[in-house]
Amino acid sequence: MAAKKAKLQEQFSEDAAKEGGSHSNAGSSIFQGVAIFVNGYTVPSADSLRRMMMLHGGVYHHYQTDKTTHIIASNLPNCKMKQLRTLKVVKPSWIVDSVREGRLLDYRHYLLYTSKAQARLNFGVGEVESSELVQVTKTSGENSNAASVSTTDVAERKQSLNATEPDFLSEFYSHSRLHHISTMGALFKQYVTQLREQSDGRFPGQERLQEWGRRSNSSYNVSSEKVIMHIDMDCFFVSVGLRDRPHLRGLPLAVTHAKGNATPAQQRKGVDRAFEMNYYRQKAELDTVPTMDETDSLSEIASCSYEARKCGVKNGMFLGTALKLCPNLKTIPYDFEGYKQVSHCLYNTVAAFTLDIEAVSCDEMFVDCTDVLQRSCTSPMQFASFLRHEIEDKTGCTASAGFGSNRLQARLATKKAKPNGQFHLEPSSVSVFMRDIVVEDLPGVGRNLASRLHTMGVRTCSDLQHFIQSQLQKEFGAKTGNALYGHCRGEDNQALNFGHQRKSVSAEVNYGIRFTNQEEAVVFIKQLAGEVSSRLRKVKLKGRCITLKLMVRAKEAPIETAKFLGHGVCDQVTRSSTLATAVADQDIIAREVLSILRQLPVRPSDLRGIGIQVTRLESDSMGNKFLDSFLIRGTRGGQEVGSSTAAQEESYPQSTVQATNEGSSLQSRATAHQAESSTVVQQEGCTSETGHAAKPQSQLMPHELCDLDEEVLAALPEDIRQEVLQTYRPNSSSQVQRDVVVTNLKSPTTEQVDTSLCSSMTADEVRALVKEWVSCEDMPQSCDVRMLADYLERQIASRNIDDMYIVVKCLYRYVNKKNSSVWQDAYQTIIKKVQDTMLVVYGATLKLQDSFKHDV
DNA sequence: ATCCTCCCCTAC
DNA sequence: TAAGGTAGGGGAGGAT
Ligand SMILES: Nc1ccn([C@H]2C[C@H](O)[C@@H](COP(=O)(O)OP(=O)(O)OP(=O)(O)O)O2)c(=O)n1
Ligand SMILES: [Mg+2]
Ligand SMILES: [Mg+2]
């Protein structure tokens, strides 16, 4: 690498020399003061750009240096984009156009900004600013300080509902269209599954269809070819809204939260809308989208009528942008109940003909019509007319349908049919039909892929067909390349998926997240964990892998976002943790997530979005439910879980240390201990490299319990089940090792990577406090018991077993010495919780003394 | 090779 | 003001 740089440097000097020499008077000096570095593949090539620079007074850097004024790129991978976010990354056409015009054009018209975080939500369209420009450099700095918004007006300060308010979650979800369409999508997938399970195999619709076909005396010539239908409601939300607003039919309309013509909102202080808008900026072809003013509405359009689409309005666009394109645009409010009703009716109507349905969303599905058509002797188009009329009659909303021999063709046919139409793409015309399809119309080709294809000079499927399979695979990856290769020829071998089972359950909120301290974040995360938990229970699932997703304000992004309570320009962070057993419990999920959060270096005030996802799902049968509640809450009183015989007593050489604390009785000064750190866990913890079992301690359970049947387990006598649970293993695929010494299991010095969110003390400090606590108090306070148990459980969740174990062992010693039954009960209470948590996280319990001897 | 984690992308 | 969710496919890159 160093060599490479050196070599490039050399070349650089040569170029500089040349530039200084022969060209100073030859070409123009358009690029005076400009030094570019070309990053990645460009059109024209880096070499031609270099020549242009040299010819017109600019400097070309072979390597990016701090003298580089502009980076030239056509297409940067995300990671690079992130690094370069604050630099001027400009499209090559800036150079080309400037040369053509003979003057230095404003580079800001050619910025290659894309923000993934932003883009995600714009559904591939829309919020892309064209010209209006912003100083990328300084303004944001000033505005970052805008947090110091005048504390003057208290009334103004009355923040509208943000995530610190207790009802925020339900309030937000009740208004979120994206939440509603996701939820409804899941609902109707489930509905189809349920209908299929309950089906008696009869389809009343088929007879009606047959009868209808007979009257219009047609007998369709059945072919054995598969016929796939795709059916989708026309501008769904708008259509539903129009049912009781017939006077608005024919007008350009949009469904949004905002009113459109309302009084222009006053500008919030500290907002640098232009900064954020820079990230929306897109490729040249989208420069047609008009500029937004500071007060234009950033409310998103869920759905717009076809009249509005004529002006260029799209679903997902900001209302402000849309109004620029279509000043007559009228808005309609949401009607989530209505959407659900109409969806229901849509699904019922189709289901009367066949249950070979793959639900796509609340307004859309694939149907394998092969059987229906054969049995009712009708053609696809006849079936579609019949079906679409019925849907319109029943719901007052129109749908469009497309047919083809695979799902790709059906989809494209629907697109062609819209609105309120139908189209059958017959096998014989596929190849001609495909030629003119633009690549962005292919499913799976969104903003990004489209832009990558465009820079390769590919706009239509016919262009794409020129590439051989291996080229596409090399460029886009094996599967994606393969799919592209087939799709541009109208081929799609992906079968419809009727039975459907979920692979993940999640809840996230990237709106209204404004915390001032850690506590607020914790409270909110607990609520979100509750949301995930209840969703899991609703579908009788639980999962082993828990993932926390954060959106964190980008370093250079202003604190105030352009959109009110929006997330602004963010970095995303995802971290997951895998448990020994599948769970659905709110507290466990919250604990895991909080443990992850504590290890991430994020300031609570920079959080802009939070999500929790659960994967590796297993079904949550009755048996499991029992097991779960057993694991979580425990059902037996103060009984010891351990079955160990000979846990050797570790000895902790003493040394005294001062700790200063005050407050609860568990806080005072105390003696700290030093300890050797090896935590003995019964049963193997995982495949840690400490494979050498230090001591084949005591008895072991017979094995191969990885697939143990929960129902059987639940039926076992209590004590036997206990033993089984002790051996319940975390990682069913790993080779079994028994009684492994888990030393520094996860991260050797996890002690605290800590960050802004961690308030925990060191193990030594805790131990000291515990000693003080036990020796000074006659009777343990329940709040202190709980506090200690919480601490220990948190350590387990953080895989901080060693620290936790030390504290537990010490606690045992102190309590043993105390010889007090209330203290022993307190100890048992704590141990119970610890062992339960151990089981969930590690699938194993700690090996501990199971009785008090008093003497030591 | 195959798996896992951490992303990114796409779709509605 | 504004309500920027959620599930699934897949790739890169490291561990096994
Ligand atoms: N960015 C988007 C896209 C869609 N939706 C909602 C509103 C739509 O009405 C519904 C269905 O999405 P479609 O893609 O089917 O779009 P429409 O039904 O509105 O129009 P079309 O006639 O093109 O199907 O999902 C949304 O809220 N935001
Ligand atoms: Mg639709
Ligand atoms: Mg749709």
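In what follows, chains are A, B, ... by sequence order, proteins preceding strands, each numbered from 1.
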*asked:* Does C:dT6 have its OP1 or OP2 closer than 4.0 Å to a side-chain nitrogen or oxygen of A:Y173?
replied: yes
*asked:* Using the side-chain heavy atoms of A:F172, tell me which of these nucleotides is nearest: C:dT6, B:dC6, C:dA3.
replied: C:dA3
_Aromatic contact, A:Y191 with A:Y347 (centres under 6.0 Å)_ = no
*C:dT6, C:dG5, C:dA2: which one has an atom nearest the side-chain heavy atoms of A:S297?*
C:dA2
*In whole Å, what is the span from the NE2 atom of A:H180 to the P atom of C:dA7?*
15 Å
_By the 4.0 Å heavy-atom rule, please label A:A507 as base, sugar-phosphate, or nothing._
sugar-phosphate
_Of the listed nucleotides C:dA7, C:dT1, B:dC7, the one nearest the side chain of A:S506_ = C:dA7
*Rounding to a whole Å, what distance do you find between A:F318:CZ and C:dA3:C1'?*
13 Å
_A:S176 side chain, from C-beta outward: closest of B:dC6, B:dA11, C:dG4_ = C:dG4
*To the side chain of A:K503, which of C:dG8, B:dC6, C:dG4 is closest?*
C:dG8
*asked:* Tell me the interatomic distance from A:Q613, atom CD, to C:dA7, atom P, rounded to whole angstroms.
replied: 7 Å
*If you check the A:R502 side chain, which of C:dA7, C:dA3, C:dT6 turns out closest?*
C:dA7
_Regarding A:F236, tell me which of base, sugar-phosphate or nothing describes its non-hydrogen contacts under 4.0 Å with the strands shown._
nothing
*Shortest side-chain distance from A:R616, nucleotide among B:dT5, C:dG11, B:dC7*: B:dT5
*Is the shortest distance from a Lys or Arg side-chain nitrogen in A:E364 or A:K189 to a carboxylate oxygen in the other one below 4.0 Å?*
no
*Euclidean distance, atom CD of residue A:Q494 to atom C1' of C:dG10 [Å, nearest integer]*: 12 Å
*Please report, rounded to the nearest Å, how far the P atom of C:dA3 is from the CG atom of A:L565.*
10 Å
*Taking the six-membered ring for Trp, does A:H567 stack with C:dG4 (centroid gap under 5.5 Å, planes within less than 30°)?*
yes
*Determine, for A:K418 against A:D232, whether the closest basic-nitrogen to carboxylate-oxygen distance falls under 4.0 angstrom.*
yes
*Flag as yes if A:H175 stacks onto the base of C:dA3 (centroids under 5.5 Å, planes under 30°), otherwise no.*
yes
Quick one: side chains of residues 471-481 of chain A, donor-acceptor pairs under 3.5 Å with protein atoms, not counting sequence neighbours, listed by atom name and distance.
| unit_1 | atom_1 | unit_2 | atom_2 | d |
| --- | --- | --- | --- | --- |
| A:Q471 | OE1 | A:I468 | N | 3.0 |
| A:Q473 | NE2 | A:A478 | O | 3.2 |

*With sugar-phosphate meaning primed atoms plus P, OP1 and OP2, does A:G512 contact a base, only sugar-phosphate, or nothing at under 4.0 Å between heavy atoms?*
nothing
*Compute the ring centroids of A:H180 and A:Y339, then answer whether they are less than 6.0 Å apart.*
no
*How long is the line joining CG of A:D335 and P of C:dA3, in whole Å?*
18 Å
*Classify the nucleic acid contact of A:G185 as base, sugar-phosphate or nothing, counting any heavy atom under 4.0 Å across all strands shown.*
nothing
*For A:Y511 and for A:Q501, locate the closest nucleotide of DNA chain C by heavy-atom distance; then report the residue assigned to the nucleotide nearer the 5' terminus.*
A:Y511
*Would you please confirm or rule out a distance under 4.0 Å between OP1 or OP2 of C:dG4 and any side-chain N or O of A:R177?*
yes
*Which nucleotide in the list B:dC9, C:dG11, C:dA2 gets nearest to the side chain of A:T480?*
C:dG11
*Which nucleotide, B:dA11, C:dT6, B:dT10, lies nearest any side-chain atom of A:R447?*
B:dT10
*asked:* Counting only side-chain nitrogens and oxygens, does A:T578 get under 4.0 Å of the OP1 or OP2 atom of B:dT5?
replied: yes
*asked:* Over all strands shown, is A:R608 touching base, sugar-phosphate only, or nothing at heavy-atom distances under 4.0 angstrom?
replied: nothing
*Find which nucleotide of DNA chain C each of A:E171 and A:H179 is nearest to by heavy atoms, and output the residue with the more 5' nucleotide.*
A:E171
*asked:* Categorize A:H257 for me: base, sugar-phosphate, or nothing, with a 4.0 angstrom heavy-atom threshold over every strand shown.
replied: base
*Please determine if A:R514 forms a cation-pi arrangement with A:F524, meaning its NZ or CZ atom is less than 6.0 Å from the six-membered ring centre and no more than 45° off the ring axis.*
no
_For A:R608, all residues meeting salt bridge (Lys or Arg N to Asp or Glu O under 4.0 Å), sequence neighbours excluded_ = none
*So what does A:S182 hit on the nucleic acid, given a heavy-atom distance under 4.0 Å: a base, only sugar-phosphate, or nothing?*
base
*Of the nucleotides C:dG9, C:dT6, C:dA2, which one has an atom closest to the side chain of A:R535?*
C:dT6
*asked:* Output the rounded distance in Å from CD (A:E165) to P (C:dA2).
replied: 19 Å
*To the nearest angstrom, how far is A:N510 atom CG from C:dA2 atom P?*
17 Å
*So, is A:R575 close to the B:dT5 phosphate, meaning a side-chain N or O under 4.0 Å from OP1 or OP2?*
no
*Is the distance from OP1 or OP2 of C:dA3 to the nearest side-chain N or O of A:S299 less than 4.0 Å?*
yes
*Assess whether salt bridge (Lys or Arg N to Asp or Glu O under 4.0 Å) is satisfied between A:K540 and A:E618, documenting all intermediate values.*
CA-CA 9 Å; A:K540 291 185 163 47; A:E618 298 169 11; over 6 Å; no
